[in-house]
Number of protein chains: 2
Amino acid sequence: MTPSANALLQADDSADTGTQQIRDAIRDAIVERRLAPGTKLSEADVGNLFNVSRTLARAALQALSYEGLVSVEKNRGAFVAYPSPDEAKQIFAARRLVEPGILREAAARITPSQIQHLRQLLQEEGRLISERGQTARRAEIKASGDFHLTLASISGNAIMQRFMEELVARSSLVIALYGQSAVSSCGHSEHGDIVTAIEAGDLDRACHLMVHHISHIEADLDLRERKSFGLKEAFSI
Amino acid sequence: MTPSANALLQADDSADTGTQQIRDAIRDAIVERRLAPGTKLSEADVGNLFNVSRTLARAALQALSYEGLVSVEKNRGAFVAYPSPDEAKQIFAARRLVEPGILREAAARITPSQIQHLRQLLQEEGRLISERGQTARRAEIKASGDFHLTLASISGNAIMQRFMEELVARSSLVIALYGQSAVSSCGHSEHGDIVTAIEAGDLDRACHLMVHHISHIEADLDLRERKSFGLKEAFSI
DNA sequence: ACGCAGTATATCGTATACAATTTGATCGCC
DNA sequence: GGCGATCAAATTGTATACGATATACTGCGT
């Protein structure tokens with residue numbers, strides 16, 4: 001038999017037993033912005049927090065570094081990633097590049113029940129926007145990304161789906177760093193417009209809306225080169 | 001100062017000191033098809049081979065599993081990935097989805113010297129095709145992928161570049177498994193056509209050629225569902 | 001001879017231990 | 001008082017050790 005024949009079926013076996021949940025927990029914390037960019041994540045601390053040894057903590061941090069959410073610096077440790085403005089631009093450029101294609105794929109195979117599901121997500125998202133409080137804010141962040149991830153999931157391509165998960169997560173980091181208007185809700189109505197266009201079968205319009213939607217998110221950032229002030233000018237000015 | 005300010009500049013610090021070269025060595029071996037799909041990669045063997053402990057061997061294998069080149073099965077070990085036909089289709093679908101966009105980006109910023117470099121790659125590729133022997137074959141495989149990777153590099157988007165590296169590497173695995181015509185050279189002239197189209201400024205044509213090129217590679221595969229023969233029928237037939 | 005049970009071995013999962021490097025502090029000196 | 005060197009603490013890099021799990025073998029019974 002092929003050695004990894006069944007491995008592809010069970011989706012949750014890809015990593016060590018205990019590492020996965022640590023990785024997920026930290027990722028959630030980063031994406032929901034409970035962990036600020038630049039925060040140090042020492043192996044010992046992470047291990048103690050989850051009651052595991054440094055071995056597993058380290059593995060989780062390494063895994064997150066492959067996703068671009070954590071940056072590990074040799075002999076210095078791991079930190080919540082601090083994407084540069086240039087990196088931020090690349091993330092959104094990547095999204096503009098792939099999301100229209102994903103959208104087309106998704107639209108081609110979408111079922112009525114999946115459209116229903118999307119509308120449901122949108123409604124939930126709208127509800128969260130009207131609510132107040134930190135937890136609602138966090139849930140809103142996640143819901144906003146879930147719209148894009150659901151489309152990727154509908155597209156049926158697991159590889160693109162994983163890639164989108166990475167891009168959405170990293171987008172959250174970028175918004176946390178460079179976002180201006182605390183109101184991230186501006187994109188909500190655009191989500192609805194996209195679904196409407198899909199339903200109407202107007203794919204070109206849907207893609208067009210998607211690209212603009214992504215650009216709108218990016219436009220709401222302040223990506224001017226804060227040249228980290230050579231530290232000399234930081235006080236000379 | 002931002003904690004990871006300089007980390008983004010030095011490109012080679014992303015992982016542990018010793019893990020990186022092991023990872024690269026194994027990846028090269030897989031991509032060049034010296035390691036067949038399904039081959040077991042025990043942690044102890046890998047460690048001994050590179051004179052490091054299981055700790056580093058394991059880290060390298062984990063890293064490769066994130067790239068999709070190695071599949072680790074819990075309590076069973078790591079194997080060179082054995083992509084299913086469905087997975088293979090997704091890989092090529094992903095390439096059709098992203099490569100036209102990358103091509104457009106690349107064409108927009110390409111310089112004459114970079115075109116020169118591409119032509120040089122093509123020439124080298126052609127030379128390898130005419131040569132005989134295993135080493136030439138391996139070099140040809142790498143050269144064929146390098147064309148696509150160089151384009152990604154020219155596009156200037158590091159994220160898409162990394163994604164393409166993953167896709168090209170996995171493509172090599174798929175071709176090793178399902179390729180029919182030993183002659184992978186069929187795609188060579190298409191590379192040249194694409195460069196010509198770029199030079200002529202005909203982006204639409206270049207993208208069109210790229211999509212067809214990818215489809216041609218895929219068409220040369222035999223992706224029929226070999227249902228891994230339950231082992232009963234394997235001999236009853 | 002075939003199948004099954006139990007054991008034996010090999011390999012992985014995780015924790016701990018030790019070496020190397022960095023960071024921050026203390027002390028002396030200018 | 002400010003500046004530099006040396007040393008101590010903390011943290012990471014790597015190796016080893018031990019427990020758990022799966023696979024292979026052996027011997028028994030039918």
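This structure is a prediction, so every number in the text was calculated from the model and none was measured. Reckoned from all heavy atoms, side chains included, excluding hydrogens, waters and symmetry mates.
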Next item on the list: Indicate, with a heavy-atom threshold strictly under 4.0 Å, whether A/T55 touches base, sugar-phosphate, or nothing.
Entry: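 If one applies the 4.0 Å heavy-atom cut-off, A/T55 turns out to touch a base.
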Write down the distance between [atom1] ([X]) and [atom2] ([N]), rounded to a whole number of angstrom.
{"X": "B/Q21", "N": "D/dT14", "atom1": "CD", "atom2": "P", "answer": "10 Å"}
{"X": "A/E43", "N": "C/dT21", "atom1": "CD", "atom2": "C1'", "answer": "13 Å"}
{"X": "B/Q62", "N": "C/dG13", "atom1": "CD", "atom2": "P", "answer": "8 Å"}
{"X": "B/E73", "N": "D/dA22", "atom1": "CD", "atom2": "P", "answer": "12 Å"}
{"X": "B/K40", "N": "D/dT23", "atom1": "NZ", "atom2": "P", "answer": "9 Å"}
{"X": "A/R58", "N": "D/dT14", "atom1": "CZ", "atom2": "C1'", "answer": "8 Å"}
{"X": "A/F50", "N": "C/dA15", "atom1": "CZ", "atom2": "P", "answer": "13 Å"}
{"X": "B/L56", "N": "C/dT14", "atom1": "CG", "atom2": "P", "answer": "18 Å"}

Check: Between the side-chain atoms of A/R54 and the base atoms of D/dG13, is any donor-acceptor pair under 3.5 Å?
Finding: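 It does, because a donor-acceptor pair links the side chain of A/R54 to the base of D/dG13 below 3.5 Å.
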Note to self: Parallel, tilted or perpendicular: which one describes the rings of A/F163 and B/F163, with boundaries at 30° and 60°?
What the structure shows: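 Taking B/F163 first and then A/F163, their aromatic rings lie parallel (interplane angle under 30°).
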Note to self: My understanding is that only one of B/E165, B/E87, B/E67 makes a salt bridge (charged side-chain N to carboxylate O under 4.0 Å, His left out) with B/R170; could you say which?
What the structure shows: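 The passing option is B/E87.
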Note to self: When you measure from the side-chain N and O atoms of B/R76 to the phosphate of D/dT23, is any distance below 4.0 Å, counting only OP1 and OP2?
What the structure shows: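 Affirmative; the distance criterion is met.
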Next item on the list: For the side chain of A/N75, starting at C-beta, report the closest nucleotide among D/dA15, C/dG13, C/dT22.
Entry: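 In terms of side-chain proximity for A/N75, the closest of D/dA15, C/dG13, C/dT22 is C/dT22.
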Next item on the list: Select one nucleotide: of D/dT12, C/dA15, C/dC12, the one nearest the side-chain heavy atoms of B/S42.
Entry: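 Between D/dT12, C/dA15, C/dC12, the one nearest the side chain of B/S42 would be C/dC12.
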Next item on the list: Would you name the heavy atoms of A/R137 and A/E131 that are closest together and state the gap between them?
Entry: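 For A/R137 and A/E131, the tightest heavy-atom pair comes out as NH2-O, 3.3 Å.
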Notebook entry, point to check: Are any side-chain N or O atoms of B/E43 and backbone N or O atoms of B/R54, one a donor and one an acceptor, separated by less than 3.5 Å?
Noted result: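 No: the side chain of B/E43 does not pair with the backbone of B/R54.
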